Structures are given as C-alpha cells and as structure tokens.
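Notes follow the structure.
Nothing here was measured: the structure is a model prediction, and the numbers come from that model. For reference, positions follow the sequence shown, starting with 1.
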Amino acid sequence: MLCFESDYIEGAHEKILKRLGETNLEQLSGYGNDPYCRSAKEKIRKACSCPQGEIFFLTGGTQTNMVVIGAMLKSYEGVVAARTGHVSLHEAGVIEYHGHKVLELPQHEGKICPGELEAFLEGFWQDENREHMVFPGMVYISHPTEYGTLYTRQELGELSGICTKFQIPLYLDGARLGYGLASRDTDVTLPLIAQYCDVFYIGGTKVGALLGEAVVFTKNNMPKYFLTIVKQHGALLAKGRLLGIQFDTLFTDDLYLEISRHAIDMAELLKEGLKKKGYRFYLESPTNQQFLILENKALEDLQEKAAVSFWEKPDDKHTVVRLATSWATRRESVEALLELL
C-alpha cells in the first residue's frame with residue numbers, strides 16, 4: 001500500500017535515531033536542563049539570526065498552540081485566525097476548551113488578508129460595546145497554511161506592522177515550517193520570520209523528528225514562569241533531552257533544510273507528473289501538500305492501493321484529496337503513485 005496520507009507517517013531521520021542511541025545511557029538532568037537542549041537552542045538562535053531568542057521545546061503542534069496561546073492571552077482575550085486555520089478547524093476546540101475564543105476571519109487559500117485584519121481590529125476598537133466583547137489579543141497564522149500556501153515577505157511585513165499598530169503579538173504556527181522555507185517559490189527565510197513574528201515554532205514532528213516543536217520567543221517576551229505554565233497544562237516532558245537531541249541534530253550541518261528540500265523535490269515531481277496526465281488541482285501549492293480533484297469513482301479505485309487524505313467535496317461527483325510528501329518520501333513511491341493514477 002502506497003501512503004501519501006500525511007507527512008508524519010514515518011518515524012525519524014536515521015541521524016536522529018543514531019544520536020538518540022548514542023546518548024541513551026547518559027545521565028542527564030530533566031525538563032530541558034541538559035547540554036543537548038542548550039546546544040540546540042544556540043544553533044536555532046544562530047539559524048534565526050536572533051541572539052535574544054528564548055526557546056522552549058514541546059512535543060506536538062496542538063499542545064504547542066494550546067500552551068503558547070493560553071500563556072500569552074489575558075482571560076478576556078481571543079486569538080484572531082483564518083476560518084481554515086488549524087486552531088479554528090482541526091484542533092478539536094482546544095483553544096476554547098482552555099478558555100479563549102478563536103476570532104475567525106475569511107480565508108484566502110488558507111491565508112489572512114492584511115487589509116481585512118486591519119479592518120477587523122479597527123472595527124473592534126471603534127465599537128462602543130467592546131467591553132462586552134472578546135478582545136483580540138493575538139493574531140495566529142500558519143506557514144505553510146492548511147492548503148500548503150505561503151505568506152510572502154510583503155504579507156508578513158504587513159501583518160507584523162498591523163499587529164504592532166494594535167499592540168498585539170503575531171504568532172506563526174510552523175508545524176511544516178521546513179517545507180515552507182525549502183519551497184522554490186518563497187522569499188521568506190527563518191531570520192525574516194524571527195524579525196516579523198513575536199513568537200513562532202519550528203516543527204519537528206512533520207519534518208524528520210520522532211516528535212517535537214521548538215517555540216521561539218523573539219522579542220524577550222517569553223511569558224513569566226513559562227515552564228510552570230507548561231507544567232500546569234500537563235505538557236512538560238521530564239526527559240527533555242529527547243527533544244534537545246533531535247533539534248540539535250536537525251540544526252547540525254543544515255539537516256533541517258536539506259531533508260525539507262527533498263520533500264519539495266518529491267512534491268514537484270508528483271505535481272509535474274499529474275499535470276502531464278491532465279489532472280486538475282484544487283489550488284496551486286508550492287509546498288509538500290498537493291490538492292487534487294478526483295471523480296468519486298476514481299478515488300474509490302485509488303484507495304484500494306494508496307492512502308490519501310480526504311479534504312473536502314466541491315460537488316456530489318468529485319472529492320478534493322490531499323497528497324503529502326515528506327522528508328522520507330522515495331522517488332519510487334512517487335513514480336508508483338503516478339502509475340496508479
């Protein structure tokens with residue numbers, strides 16, 4: 001069975017597994033107070049050109065969004081996100097569960113429009129009844145978005161400027177950040193993200209690690225007693241070394257970007273082959289997630305031999321499916337999928 005269902009179906013890159021094995025019997029302090037976590041943080045600061053960056057390792061994306069948003073918002077504040085944003089749609093209401101509302105904006109191929117964001121914030125502050133409302137306290141975006149699309153340098157700059165104007169932080173969900181940075185069609189870099197965003201995270205779970213996300217607070221703005229807040233949420237990993245070792249490996253010799261580029265190369269190979277065969281795409285994605293429109297019968301036939309992700313139904317006769325490549329996707333698997341299609 002071929003599997004293009006997601007980008008976290010494999011375990012971890014062999015260099016990470018090797019390093020975990022080599023360090024397995026070392027006796028190290030817990031909760032991230034170990035030399036590997038310190039080394040990983042320093043390498044991440046250097047990669048981000050952000051020497052003042054404060055970094056904390058967490059185990060998963062939903063957990064990270066829950067903790068960061070909950071820690072940075074006041075009790076009366078909510079987080080602004082696109083209607084299709086991960087915190088809006090695919091995190092089981094975890095933000096609301098912990099007491100904060102997601103304030104939704106229209107989405108444009110997964111992205112927030114800076115003009116619409118500014119109009120929303122201006123409208124809120126002009127509303128004389130605002131003290132009876134949920135205050136917008138943070139803006140959430142993801143890069144890549146749920147649709148594999150990317151913000152441009154100009155868009156990030158505009159969003160950052162708007163957030164600065166209204167004195168709220170800009171938070172970037174980087175669950176698939178490596179694939180965004182490695183895209184052939186991007187003008188956004190890691191230092192640029194560190195410059196424009198108040199907080200973001202570098203995804204490891206979907207980009208070569210067994211698990212793990214690296215949260216980066218860029219403006220000396222890590223919430224006070226953040227470790228305690230993490231523990232209150234049940235999210236503090238005792239064996240923090242497991243995360244530090246993985247990120248230390250990913251940020252050694254440019255491994256993170258190297259394996260991300262492989263996923264992009266496989267996605268481009270898949271896209272080119274599908275276009276030659278005359279398939280229709282739901283939208284143009286420059287990253288590792290490709291969205292294909294299939295007739296329902298064709299999808300049923302495909303699912304007998306390949307795993308793909310349901311995305312949405314544009315009409316009764318067709319289904320949009322997502323095909324995802326990863327750091328571990330083999331060229332032979334892409335070629336075999338193209339043969340099936």
Side-chain angles (χ1 to χ4, degrees), residues 3 5-26 28-41 43-44 47 55-71 86-87 90-92 94 142-144 146 171-182 199-216 226-227 229-252 255-260 262-263 288-289 309 324-329:
C3 193
E5 188 175 10
S6 189
D7 40 21
Y8 48 94
I9 55 175
E10 295 93 1
H13 192 275
E14 59 185 14
K15 289 186 178 180
I16 287 177
L17 294 176
K18 182 174 183 289
R19 199 72 184 111
L20 287 171
E22 290 171 345
T23 60
N24 187 49
L25 294 181
E26 291 184 19
L28 302 171
S29 296
Y31 309 113
N33 296 313
D34 64 84
Y36 298 107
C37 284
R38 289 192 289 274
S39 175
K41 289 177 182 180
K43 289 176 181 178
I44 289 172
I55 298 161
F56 200 96
F57 298 115
L58 290 160
T59 60
T62 297
Q63 179 198 63
T64 299
N65 288 332
M66 170 191 70
V67 173
V68 171
I69 291 172
H86 205 60
V87 294
H90 287 147
E91 290 195 320
V94 70
S142 60
H143 184 84
E146 294 296 280
Y171 171 41
L172 185 146
D173 178 329
R176 294 182 169 92
L177 185 56
Y179 303 132
L181 296 172
V199 56
F200 68 97
Y201 77 86
I202 301 168
T205 302
K206 296 178 173 70
V207 193
L210 280 172
L211 73 166
E213 327 298 329
V215 182
V216 184
F226 188 64
L227 182 146
I229 294 170
V230 173
K231 189 158 191 171
Q232 284 184 332
H233 283 78
L236 184 61
L237 184 64
K239 295 182 181 179
R241 60 191 283 167
L242 299 178
L243 301 175
I245 289 166
Q246 292 184 86
F247 276 96
D248 190 58
T249 304
L250 286 171
F251 279 82
T252 297
L255 181 64
Y256 190 71
L257 281 179
E258 177 188 321
I259 64 177
S260 296
H262 172 78
N288 70 311
Q289 301 179 87
S309 285
T325 59
S326 80
W327 59 274
T329 300

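The side chain to side chain donor-acceptor pair (under 3.5 Å) contacts involving residues 231-243 comprise nothing, where partners must be two or more places apart or lie in separate chains.
Here CG of Leu236 is found 10.5 Å from CZ of Phe226. Values are rounded to the nearest 0.5 Å. Remark: His143 NE2 to Leu181 CG distance equals 6.0 Å, nearest 0.5 Å. In this structure, OG on Ser142 lies 14.5 Å from CZ on Phe200, to the nearest 0.5 angstrom. Note: Thr64 OG1 to Phe57 CZ = 11.5 Å, rounded to the nearest 0.5 Å. Note that NZ of Lys18 and NE2 of His13 are 12.0 Å apart. Values are rounded to the nearest 0.5 Å. Residue Ile44 holds its CD1 atom at 4.5 Å from CD1 of Ile202, rounded to the nearest 0.5 Å.
Judged purely by atom type and a 3.5 angstrom limit, Tyr179 uses its side chain to pair as donor or acceptor with the backbone of Trp327. Using a distance-only test at 3.5 Å, with no hydrogens or angles considered, no donor-acceptor pair links the side chain of Thr59 to the main chain of Gly212. At least one donor-acceptor pair under 3.5 Å links the side chain of His262 to the backbone N or O of Thr329. Using a distance-only test at 3.5 Å, with no hydrogens or angles considered, a donor-acceptor pair links the side chain of Glu213 to the main chain of Gly204. Ser39 contributes no side-chain N or O that, together with a main-chain N or O of Pro35, makes up a donor-acceptor pair within less than 3.5 Å. Put simply, the side chain of Gln246 gets close to the backbone of Leu211: a donor and an acceptor are under 3.5 Å apart. Remark: the backbone N or O of Ser326 is not paired with any side-chain donor or acceptor of Asn288 at under 3.5 angstrom. Here the side chain of Ser29 pairs no donor or acceptor atom with the backbone of Asp34 at under 3.5 angstrom.
Taking every heavy atom of both residues into account, Cys37 and Gly32 meet most closely at CB-O, 3.3 Å. In terms of heavy atoms, Ile16 sits closest to Gly208 at CD1-O, 3.3 Å. Of all heavy-atom pairs spanning Gly60 and Thr205, the tightest one is CA-OG1, 4.5 Å. Taking both residues in full, the closest heavy atoms of Ala175 and Lys206 are given as O-CB, 3.7 Å, listed atom of the first, atom of the second, then distance. Between Tyr256 and Ile259 the shortest heavy-atom distance is O-CG1, 3.5 Å. Closest non-hydrogen pair, Ala12 versus Ala209, comes out as CB-C, 3.9 Å.
By the 30° and 60° cut-offs, the orientation of the rings of Phe247 relative to Phe251 is parallel.
Contact annotation: the side chain of Val215 never approaches that of Val67 to less than 4.5 Å [non-hydrogen atoms, C-beta and beyond]. Contact annotation: the side chain of Leu250 never approaches that of Val207 to less than 4.5 Å [non-hydrogen atoms, C-beta and beyond]. The shortest distance between side-chain heavy atoms of Thr23 and Tyr36 falls below 4.5 Å. Between Asn65 and Asp173 the shortest side-chain heavy-atom distance falls below 4.5 Å.
Residue Tyr8 places its OH atom among 12 or fewer non-hydrogen atoms of other residues, nucleotides or ligands, all under 6.0 Å distant.
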(request) Step by step, work out the side-chain contact (heavy atoms from CB on, under 4.5 Å) result for Leu237 and Val230. (result) CA-CA 9 Å; Leu237 184 64; Val230 173; over 6 Å; no
